[in-house]
Amino acid sequence: MNGFSIGLFLRRPEFGAALSFVAVIAFYVVFGGVSLGALFGAASWINFAANLGIVALPVGLLMIAGELDISIGAMIPAGSMSIAILSGYYELPIAVGMLGALALGVLVGLVNGFLTVRTSVPSLIITLGTLVAVQGLVLAGSVILTGGASVPLEAPAWAKAIFGQLILGKFQVIILWWFALTVVFGFVLHATRYGNWIFAMGGDEVSARNAGIPTRRLKIALFVLSSTAASFVGMCGAILFNSAQVSGGMNYIFNTIVSIVVGGVLLTGGFGSIVGIFLGALTFAVVNQGIYFTDIDRNWSNLIIGVMLMSAVLMNNTFRQMALSFVPKRKR
């Protein structure tokens with residue numbers, strides 16, 4: 001019984017993610033001389049993790065369902081510029097700017113989802129197309145409407161308090177949104193039939209469809225969640241920093257996918273967990289930002305970050321394979 005319990009625990013997607021998180025912190029403490037008090041008291045990496053984590057949650061669901069969305073790289077500046085143009089340049093109520101930013105996310109998600117379910121083109125190629133298209137739209141639209149690629153925004157106090165303030169002077173309020181969304185997404189994936197449907201789609205979409213699961217509608221909904229979440233992050237950034245720019249967001253493509261994979265989600269779909277995705281975002285943030293808390297020469301930073309991320313992914317994969325091959329001893 002005990003052996004079976006250990007094997008079951010090792011099979012959990014978040015086990016490798018938790019192990020990677022601990023290993024990364026241990027590396028910085030042992031080899032970088034990092035103080036745990038300084039690291040966990042710092043805001044840079046947790047703010048980074050929150051923005052990344054909000055995008056990673058729906059993209060992770062898409063990957064569990066067997067699809068991928070890289071248009072998020074354009075949707076973050078698109079959401080930022082939408083609210084800045086509407087409420088900053090044209091001085092419309094901030095609520096209108098928010099609705100405009102989120103509506104753009106919904107629209108792009110519908111396009112991605114509709115093309116994916118109606119054509120045989122892989123979602124990677126479709127979202128690559130919308131990535132480039134939205135980038136061009138944001139840049140051209142900004143220049144045409146405002147005459148520049150940067151737009152200031154002055155949000156009212158209530159909008160700042162909910163979406164763009166700093167807690168204790170350093171922690172972004174978006175961290176609370178990340179925690180809340182993690183709970184909601186965790187409940188949906190692990191405690192509702194929709195979660196079972198997502199896993200079934202990732203395992204075998206044809207069988208899932210034959211079993212009566214509305215795979216097309218569900219897939220479109222996941223694409224809408226993905227692009228809207230990215231637009232939401234961009235919107236919060238514009239409110240926080242009082243401005244928006246057409247550049248930025250491209251790093252989120254790589255960062256999001258890596259953090260999700262570190263979190264135990266398979267690129268082939270059908271396997272993963274919200275806790276794992278949450279831990280994956282934390283791990284990536286510590287790897288990316290932790291170097292600045294060490295005495296290590298910054299010229300080595302990219303090499304160290306790359307090696308640590310690769311090690312985390314390999315560690316996750318190794319323990320998953322060990323867990324799957326674990327055979328408990330039978331009682332005599």
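This structure is a prediction, so every number in the text was calculated from the model and none was measured.
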Thr116 side, atom OG1; Ile220 side, atom CD1 - distance, nearest 0.5 Å | 8.5 Å
For Ser243 and Val151, indicate whether the former's side chain and the latter's backbone hold a donor-acceptor pair under 3.5 Å.
-> no
Can any side-chain N or O of Ser231 pair as donor or acceptor with the backbone N or O of Ala101 at less than 3.5 Å?
-> yes
Take Ser123 and Phe223 through the side-chain contact (heavy atoms from CB on, under 4.5 Å) test and state the conclusion after the steps.
-> CA-CA 10 Å; Ser123 56; Phe223 275 107; 3.7 Å; yes
Residues which pass side chain to side chain donor-acceptor pair (under 3.5 Å) with Ser207, listed by chain and number, not counting sequence neighbours = Asp204
Do Val138 and Leu153 sit in the same hydrophobic cluster, where Ile, Leu, Val, Met, Phe, Trp and Tyr count as joined when their side-chain heavy atoms come under 4.5 Å apart?
-> no
Look at the side-chain heavy atoms of Ile, Leu, Val, Met, Phe, Trp and Tyr, link any pair under 4.5 Å apart, and say whether Leu62 and Val108 land in one connected group.
-> no
Shortest non-hydrogen pair, Ser80 vs Ala238, comes out as OG-CB, 3.5 Å
Are Leu240 and Val246 linked, directly or through other ILVMFWY residues, by side chains that come within less than 4.5 angstrom of each other?
-> no
CZ-CD distance between Arg216 and Glu205, expressed to the nearest 0.5 angstrom = 9.0 Å
Can you list the steps and then say if Phe232 with Ile54 is a side-chain contact (heavy atoms from CB on, under 4.5 Å)?
-> CA-CA 9 Å; Phe232 175 80; Ile54 289 178; 4.2 Å; yes
For the hydrophobic clusters of this structure (ILVMFWY residues joined by side-chain heavy atoms under 4.5 Å, transitively), does one cluster hold both Val117 and Val111?
-> no
Under 3.5 Å, which donor-acceptor pairs do the side chains of residues 163-188 form with other protein atoms, sequence neighbours left out?
| from | atom 1 | to | atom 2 | distance (Å) |
| --- | --- | --- | --- | --- |
| Gln165 | NE2 | Ala161 | O | 3.3 |
| Lys170 | NZ | Gly41 | O | 2.8 |
| Gln172 | OE1 | Asn51 | ND2 | 3.1 |
| Trp177 | NE1 | Ile162 | O | 2.9 |
| Thr182 | OG1 | Trp178 | O | 2.7 |

Can you see which heavy atom on Val262 is nearest to which on Ser20, and at what distance?
-> CG1-CB, 4.4 Å
Mark yes when over 12 heavy atoms from residues, nucleotides or ligands other than Tyr194 sit less than 6.0 Å from its OH; otherwise mark no.
-> no
Hey, mind stepping through Thr215 and Val206 against side-chain contact (heavy atoms from CB on, under 4.5 Å) and telling me if it holds?
-> CA-CA 9 Å; Thr215 56; Val206 175; over 6 Å; no
Backbone N or O of Leu279 within a donor-acceptor pair of the Thr283 side chain at under 3.5 Å?
-> yes
If a pair satisfies salt bridge (charged side-chain N to carboxylate O under 4.0 Å, His left out) and one of its residues is in residues 57-67, list it, with sequence neighbours excluded.
-> Glu67-Lys219
Shortest non-hydrogen separation from Ser82 to Ala78 and the atoms involved = OG-O, 2.7 Å
Lys160 side chain near Asn242 side chain, heavy-atom distance below 4.5 Å | yes
Closest heavy-atom contact between Pro77 and Gly249?
-> CD-CA, 4.1 Å
Minimal non-hydrogen separation, Ser142 against Ala149, with atom names | OG-CA, 3.8 Å
Of the non-hydrogen atoms in Met75 and Gly105, which two are nearest, and what is the gap between them?
-> CE-CA, 3.6 Å
N/O donor to acceptor pairs below 3.5 angstrom from side-chain atoms of residues 250-259, sequence neighbours left out:
| from | atom 1 | to | atom 2 | distance (Å) |
| --- | --- | --- | --- | --- |
| Asn255 | ND2 | Asn251 | O | 3.3 |
| Thr256 | OG1 | Tyr252 | O | 2.6 |
| Ser259 | OG | Asn255 | O | 3.1 |
| Ser259 | OG | Thr256 | O | 2.8 |

So how far is it from Ile76 CD1 to Ser247 OG, rounded to the nearest 0.5 Å?
-> 12.0 Å
Inter-residue atom distance Leu189.CG - Ile198.CD1, 0.5 Å rounding = 5.5 Å
Qualifying residues under side chain to side chain donor-acceptor pair (under 3.5 Å), relative to Ser71, sequence neighbours excluded = Asp69, Asn112
If you group Ile, Leu, Val, Met, Phe, Trp and Tyr by side-chain heavy-atom gaps below 4.5 Å, do Val132 and Val134 land in one group?
-> no
Is the backbone of Thr127 close enough, under 3.5 Å, to the side chain of Thr130 for a donor and an acceptor to pair up by distance?
-> yes
Neighbour count >12 (heavy atoms, 6.0 Å) for atom CZ, Arg209 = yes
Distance from Ile94 atom CD1 to Ile239 atom CD1, nearest 0.5 Å?
-> 5.0 Å
Audit row: Leu282, Ile46, side-chain contact (heavy atoms from CB on, under 4.5 Å) steps and yes/no | CA-CA 7 Å; Leu282 279 177; Ile46 190 65; 4.0 Å; yes
To the nearest 0.5 angstrom, please state how far the CE atom of Met63 sits from the CD1 atom of Ile260.
-> 5.0 Å
Would you please name every residue forming a ring pair (Phe, Tyr, Trp, His ring centres under 6.0 Å) with Tyr89, sequence neighbours left out?
-> none
Output yes when a side-chain donor or acceptor of Asn288 lies under 3.5 Å from a complementary backbone atom of Phe284, and no otherwise.
-> no
Could you check if a side-chain atom of Val96 sits within less than 4.5 angstrom of a side-chain atom of Leu99, using non-hydrogen atoms only?
-> no
